[in-house]
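Just below is one structure, and these are the notes that go with it.
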Amino acid sequence: MEATPSGSGKENEKPAIHGISKPDLEIWLKEQGEPAYRAGQILGWLYGKRVRAFSEMTNLGQGLRTKLEEHFELQALQPVGDLSSSDTTKKYLFKLRDGRYVEAVLIPASPALYGEASDRRTLCVSSQVGCAYDCKFCASGLAGFVRNLTAGEIVEQIIRAEEITSQKVNNLVFMGMGEPLANLTNLLKAIEIINADWGCGIGARHLTVSTSGLAPQIKKLADQPLQIRLAISLHGASDEVREKIMPVNQKYPIERLFEALRYWRQHKKQKITFEYILIEGVNDSIDQAGLLAKRARALSAKVNLIPYNQVEGLSWNRPSEAVQESFLNILKGRGVPATLRREKGHDISAACGQLRLKEEVKEGLVSETAVKGG
Ligand code: SAH
């Protein structure tokens with residue numbers, strides 16, 4: 001069937017309805033002998049009225065409601081806990097149908113990321129369970145890659161977060177667990193649904209995909225018509241330094257990555273953001289700051305500096321505030337728009353992947369030695 005998404009946890013699972021686009025739903029309805037206009041009604045119940053059961057879709061016939069029930073899952077994510085931090089960042093843990101966990105983080109305003117003070121409510125969503133890229137600062141990859149999230153599981157993180165908070169999410173970043181560009185098909189389907197006015201209705205310029213730098217996929221994403229934003233997890237300004245932090249740099253060294261970024265620039269209007277975690281003695285030298293400034297200027301990119309968040313099982317440290325500030329000032333002094341993220345969510349394991357990892361270790365889904373032993 002056209003509407004079945006790929007990459008779900010189990011082959012015999014019903015597809016999550018939140019991963020079905022309007023055109024896909026119309027195809028399914030046609031197969032069921034139902035008129036196409038029912039798609040608009042169903043989507044209205046899902047994204048407008050936010051019903052919790054197909055039986056609540058009262059303007060549909062009983063027969064169609066039963067068929068929907070048989071074919072689709074309305075709730076593929078069970079909220080199992082949320083953690084609040086002192087700075088109002090909230091972190092949600094969701095249980096998937098195969099027993100795995102993903103997490104999403106709600107950040108009430110994100111001026112450090114995007115400048116202006118605003119009523120922005122940014123949700124940071126996951127795209128995979130675990131991660132295959134093994135960045136040396138990140139908890140997500142510590143226990144390896146488990147699976148891609150389906151489009152429905154990506155979209156539903158928004159639905160559940162909005163349900164819990166009774167507030168609309170109006171800005172979305174794909175900076176949670178996983179590498180979104182390694183799950184491109186499901187990511188694009190999710191973006192279609194998230195952006196559509198029959199779906200979540202979040203404008204393309206309020207969607208940011210963050211990547212460790214998969215050059216070919218960056219170009220594929222650039223070919224998509226939507227004016228979404230791109231963030232690059234750079235973390236090193238030379239191959240020598242970046243390689244120590246991110247193994248992916250061996251496959252796509254900086255020159256190859258930047259070639260893809262120039263291609264992106266030809267297709268998209270918004271500035272690229274470089275994320276740069278400051279790690280003591282690893283990438284925080286004056287030389288790296290100078291080189292980073294040069295690279296950012298070449299692409300008119302902005303830089304978001306993030307003090308390294310300590311991850312259990314990893315040995316690096318964050319530099320002193322004085323070092324952080326002087327790194328920032330070198331960038332600014334060379335005309336690069338740059339921000340230093342003052343702490344958000346440090347006290348709730350907000351660095352990507354930490355919460356899910358704790359839960360899965362606790363339940364024995366991943367072993368502690370796999371995590372600690374690397
Ligand atoms: N795979 C994608 C999406 C994951 S987001 C990518 O690489 O971009 C990765 C981001 O999470 C990093 O760029 C950083 O901003 C944040 N992050 C992860 N671990 C961190 C840590 N230990 N300290 C601070 N930030 C961290």
Side-chain angles (χ1 to χ4, degrees), residues 85 89 91 102-105 107 110 112-114 122-142 144-145 148-149 154 157 172-184 187 207-215 217-218 221 228-236 242 245-249 251-252 257 260-261 272-280 282-284 292 301-319 324 338-358 371:
S85 79
T89 300
K91 185 154 189 162
V102 281
E103 52 193 60
V105 183
I107 309 151
S110 193
L113 268 180
Y114 296 112
T122 300
L123 188 70
C124 172
V125 292
S126 295
S127 55
Q128 300 182 312
V129 181
C131 185
Y133 288 85
D134 200 24
C135 296
K136 299 304 174 199
F137 54 82
C138 181
S140 294
L142 273 177
F145 172 69
N148 282 330
L149 294 184
I154 296 173
Q157 293 172 59
L172 196 72
V173 294
F174 291 88
M175 288 185 191
M177 201 177 9
E179 170 49 55
L181 295 191
N183 186 14
L184 191 60
L187 175 77
L207 304 177
T208 301
V209 172
S210 180
T211 177
S212 60
L214 308 193
Q217 283 88 333
I218 289 171
L221 195 62
I228 58 172
R229 292 176 192 257
L230 184 68
I232 302 296
S233 290
L234 198 62
H235 311 319
R242 192 166 192 261
I245 306 172
M246 305 178 74
V248 70
N249 196 73
K251 190 157 185 198
Y252 303 117
L257 171 61
L261 297 182
I272 292 170
T273 301
F274 287 142
E275 291 159 80
Y276 196 98
I277 299 180
L278 289 168
I279 310 167
E280 188 181 46
V282 176
N283 66 357
D284 60 347
L292 177 59
K302 16 181 207 180
V303 175
N304 183 24
L305 298 175
I306 309 145
Y308 173 70
N309 236 340
Q310 203 93 36
V311 174
E312 222 179 294
L314 301 177
S315 58
W316 284 337
N317 294 306
R318 64 169 54 177
Q324 297 173 24
T339 52
L340 174 62
R341 194 188 288 177
R342 315 272 189 252
E343 209 46 55
K344 285 233 179 266
H346 191 48
D347 52 337
I348 56 161
S349 310
C352 126
Q354 288 182 36
L355 193 60
R356 162 256 169 183
L357 198 58
K358 272 185 198 160
V371 174

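Ligands are counted one by one from 1 in listed order, and the atoms in each one are counted from 1 as well.
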Under 3.5 Å between any N/O of [X] and any N/O of ligand 1: does that happen in this structure?
X    : result
Y308 : no
G178 : yes
F137 : yes

Side chains of [X] and [Y]: closer than 4.5 Å at any heavy-atom pair?
X    : Y    : value
I279 : D284 : no
V105 : I107 : yes
P319 : N317 : no
V125 : F174 : yes
S127 : M177 : no
Y133 : M246 : no
N304 : R341 : yes

Give the intermediate values and the outcome of salt bridge (charged side-chain N to carboxylate O under 4.0 Å, His left out) for residues E103 and K91.
-> CA-CA 7 Å; E103 52 193 60; K91 185 154 189 162; 2.9 Å; yes
What part of [X], side chain, backbone, both or neither, has a heavy atom within less than 4.0 angstrom of ligand 1?
X    : answer
I306 : side chain
T211 : backbone
E275 : side chain

If you measure from each heavy atom of Q310 to ligand 1, is any distance below 4.0 Å?
->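 In this structure, Q310 fails to qualify as a contact of ligand 1 - no heavy atom is under 4.0 Å.
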For [X], take its heavy atoms, then give the atoms of ligand 1 lying under 4.0 Å from any of them.
X    : answer
H235 : 12 (C), 13 (O)
G176 : 4 (C)
S212 : 6 (C), 7 (O), 8 (O)
V311 : 22 (N)

